[in-house]
Enquirer: 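Can you keep this structure in mind? I'll have questions shortly.
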Amino acid sequence: MTTPLPTARTVPAKAKAVRFDQYGGTDVLYLADVDIPQPVSGEVLVAVRAAGTNPGEASIRQGYLDKAFPATFPSGQGSDLAGVVVQVGDGVDSFTVGDDVLGWTDRRASQAEYVSVPADQLIRKPAALCWEVAGSLYVVGATAYAAVRAVNAGPGDTVVVSAAAGGVGSVTVQLLKARGANVIGIASENNHTWLTSVGVTPIAYGDGLADRIRAAAPSGADAFIDTFGDDYVHLAIELGIKPDRIDTIIAFDAAKETGAKKEGSSAATSTDVLTEMADLVTSGQITVPIAATYSLDQVRAAYIELEKRHTQGKIVLIP
């Protein structure tokens with residue numbers, strides 16, 4: 001049974017939020033009682049119904065991205081969110097109390113019971129979009145959109161996608177199909193049935209991968225989207241794909257070395273893109289698989305599962 005939401009007059013003074021005080025493994029994550037942020041001018045306070053988890057958040061917490069994205073302790077976590085507006089700051093006329101919304105925060109704060117969000121980082125949640133999908137759509141949606149645009153994929157192109165059944169990969173392959181591309185998806189064999197169901201040609205990773213791709217695309221592949229790591233960028237070069245039609249969302253050193261692109265979520269972050277992706281989901285052109293849901297107090301377990309990197313679809317926290 002869904003817990004009733006508080007009204008604007010009954011928002012508590014404190015609520016639960018995910019925190020970590022130092023870089024490290026999942027053991028540094030904990031739930032804290034924090035003051036609920038008050039929405040300043042241009043912001044709304046959202047009671048969070050769902051918040052996605054992403055590999056980038058794990059990398060930040062582990063300190064791997066300290067130079068580019070340093071943490072200030074104690075740090076919150078999370079950018080994806082969906083929920084209900086419970087307070088509205090001055091100057092906001094686009095939302096009212098009670099509106100269902102989805103969007104993102106740039107403050108590493110969505111994995112919490114409440115978050116204050118600039119109104120221009122939210123859109124209305126379509127009624128047909130379930131909370132779990134709405135709360136995990138921003139990162140995968142923007143990343144997939146940016147990657148597909150970066151490689152200029154269109155009708156008739158053959159595009160290879162690594163980690164094709166993961167959070168970003170599963171959306172990327174479907175967006176490519178919606179744009180008329182032929183898609184070869186690299187994934188473990190237990191994900192091949194799902195890939196086939198969305199019109200993707202599945203190929204197992206491992207030894208002999210280049211030969212399997214050549215067999216699946218005898219006329220050659222036109223583009224490559226890497227959602228996993230360095231080796232795939234070099235594989236794309238080996239396959240004869242031009243660097244300007246290779247995009248990686250993670251292997252930045254390999255991109256620099258080879259001239260491949262490295263466009264991810266930041267390249268397509270906008271409410272227009274989020275609206276387009278939400279429309280594709282609600283119309284049935286794209287599905288966002290939900291691998292598992294966890295409560296906030298199970299955040300460690302959620303990231304342990306996420307960091308195995310074998311999940312089909314999204315892992316979502318439900319406050």
Side-chain angles (χ1 to χ4, degrees), residues 3 5-19 31-54 56-57 60 69 71-72 74-127 129-143 145 264-266 268-279 281 288 296 299 314 316-319:
T3 303
L5 285 166
T7 66
R9 294 182 179 180
T10 61
V11 173
K14 289 184 176 290
K16 301 292 185 182
V18 173
R19 290 285 186 270
L31 275 190
D33 288 313
V34 301
D35 293 333
I36 292 179
Q38 296 302 303
V40 299
S41 179
E43 296 185 353
V44 299
L45 181 66
V46 177
V48 180
R49 284 298 203 191
T53 64
N54 296 284
E57 293 152 5
I60 288 172
F69 305 108
T72 300
S75 177
Q77 190 168 250
S79 55
D80 293 309
L81 66 101
V84 182
V85 174
V86 293
Q87 288 182 1
V88 177
D90 293 339
V92 175
D93 56 14
S94 51
F95 300 105
T96 60
V97 171
D99 285 345
D100 294 344
V101 295
L102 69 144
W104 73 93
T105 171
D106 296 322
R107 300 168 183 165
R108 301 178 190 171
S110 69
Q111 293 169 11
E113 292 179 324
Y114 291 87
V115 59
S116 187
V117 186
D120 61 4
Q121 293 175 200
L122 297 169
I123 65 171
R124 294 182 184 276
K125 184 184 82 68
L129 201 61
C130 71
W131 287 114
E132 293 85 355
V133 171
S136 56
L137 185 58
Y138 157 66
V139 168
V140 294
T143 305
Y145 189 99
S265 62
S266 61
T269 290
S270 74
T271 52
D272 287 342
V273 168
L274 186 58
T275 298
E276 182 176 341
M277 296 303 296
D279 288 344
V281 175
V288 179
L296 276 186
V299 63
K314 295 293 297 181
V316 187
L317 294 172
I318 307 296

Enquirer: Taking the side chain as C-beta and beyond, is there a heavy-atom pair between Ile36 and Lys14 under 4.5 Å?
Expert: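 Ile36 does not reach Lys14 side chain to side chain.
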Enquirer: Ignoring hydrogens, what is the shortest heavy-atom contact between Val44 and Val92? Give both atom names and the distance.
Expert: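 Heavy atoms only, the tightest pair is CG1-CG1, 3.9 Å.
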Enquirer: For residues 101-112, which residue pairs pass the salt bridge (Lys or Arg N to Asp or Glu O under 4.0 Å) check, not counting sequence neighbours?
Expert: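 Listed once each, the pairs are Glu43-Arg107.
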Enquirer: Can you find a pair of side-chain heavy atoms, one from Leu122 and one from Leu81, that are under 4.5 Å apart?
Expert: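 A side-chain contact exists here, since the closest heavy-atom pair is under 4.5 Å.
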Enquirer: Which residues pass the side chain to side chain contact (heavy atoms under 4.5 Å, CB included) test with Val34, not counting sequence neighbours?
Expert: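 Applying side chain to side chain contact (heavy atoms under 4.5 Å, CB included) to Val34 gives Ala17, Arg19, Ala32.
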Enquirer: Got a sec, which residues hit side-chain hydrogen bond (donor to acceptor under 3.5 Å, both in side chains) with Asp120, two or more places apart in sequence or on another chain?
Expert: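 By the side-chain hydrogen bond (donor to acceptor under 3.5 Å, both in side chains) rule, Asp120 matches no residue at all.
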Enquirer: With a 4.5 Å limit on heavy-atom distance, are the side chains of Val85 and Leu45 in contact?
Expert: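 No. Closest side-chain heavy atoms not under 4.5 Å.
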Enquirer: Can you name the one residue among Val46, Val48, Val11 that meets side-chain contact (heavy atoms from CB on, under 4.5 Å) with Tyr114?
Expert: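 Exactly one pass, corresponding to Val11.
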Enquirer: Any salt bridge (Lys or Arg N to Asp or Glu O under 4.0 Å) involving residues 75-98? Give me the pairs, sequence neighbours left out, ordered by first then second residue.
Expert: none
Enquirer: Does a side-chain N-to-carboxylate-O contact under 4.0 Å join Arg124 and Asp100?
Expert: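 Answer for the salt bridge query: no.
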Enquirer: Within the distance-only criterion (no hydrogens, no angle test), does the side chain of Lys125 pair as donor or acceptor with the backbone N or O of Gly83 below 3.5 angstrom?
Expert: no
Enquirer: Taking atom types as modelled, find out whether Glu57 and Gln77 have a side-chain donor-acceptor pair closer than 3.5 angstrom.
Expert: no
Enquirer: Run the side-chain hydrogen bond (donor to acceptor under 3.5 Å, both in side chains) test against Glu113 and tell me which residues pass, sequence neighbours left out.
Expert: none
Enquirer: Indicate yes or no: at least one non-hydrogen side-chain atom of Lys314 is less than 4.5 angstrom from one of Glu132.
Expert: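 Heavy-atom side-chain distance check fails, nothing below 4.5 Å.
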Enquirer: If you take all heavy atoms of Gln111 and Gly78, which pair is closest and at what distance?
Expert: NE2-CA, 3.7 Å
Enquirer: Between side-chain atoms of residues 268-275 and protein atoms elsewhere (two or more places apart, or another chain), which donor-acceptor pairs fall under 3.5 Å?
Expert:
residue: Thr269; atom: OG1; partner: Tyr138; partner atom: OH; Å: 2.9
residue: Thr269; atom: OG1; partner: Ser265; partner atom: O; Å: 2.7
residue: Ser270; atom: OG; partner: Asp272; partner atom: N; Å: 3.4
residue: Ser270; atom: OG; partner: Val273; partner atom: N; Å: 3.0
residue: Thr275; atom: OG1; partner: Thr271; partner atom: O; Å: 2.8

Enquirer: Report yes if the side chains of Val139 and Ser79 come closer than 4.5 Å at any heavy-atom pair, otherwise no.
Expert: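 Yes, close enough: below the 4.5 Å cut-off.
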Enquirer: Between Asp99 and Ser94, which heavy-atom pair has the shortest distance, and what is it?
Expert: OD2-O, 4.4 Å
Enquirer: To the closest 0.5 Å, what do you measure between CD1 (Ile60) and CG (Asn54)?
Expert: 9.5 Å
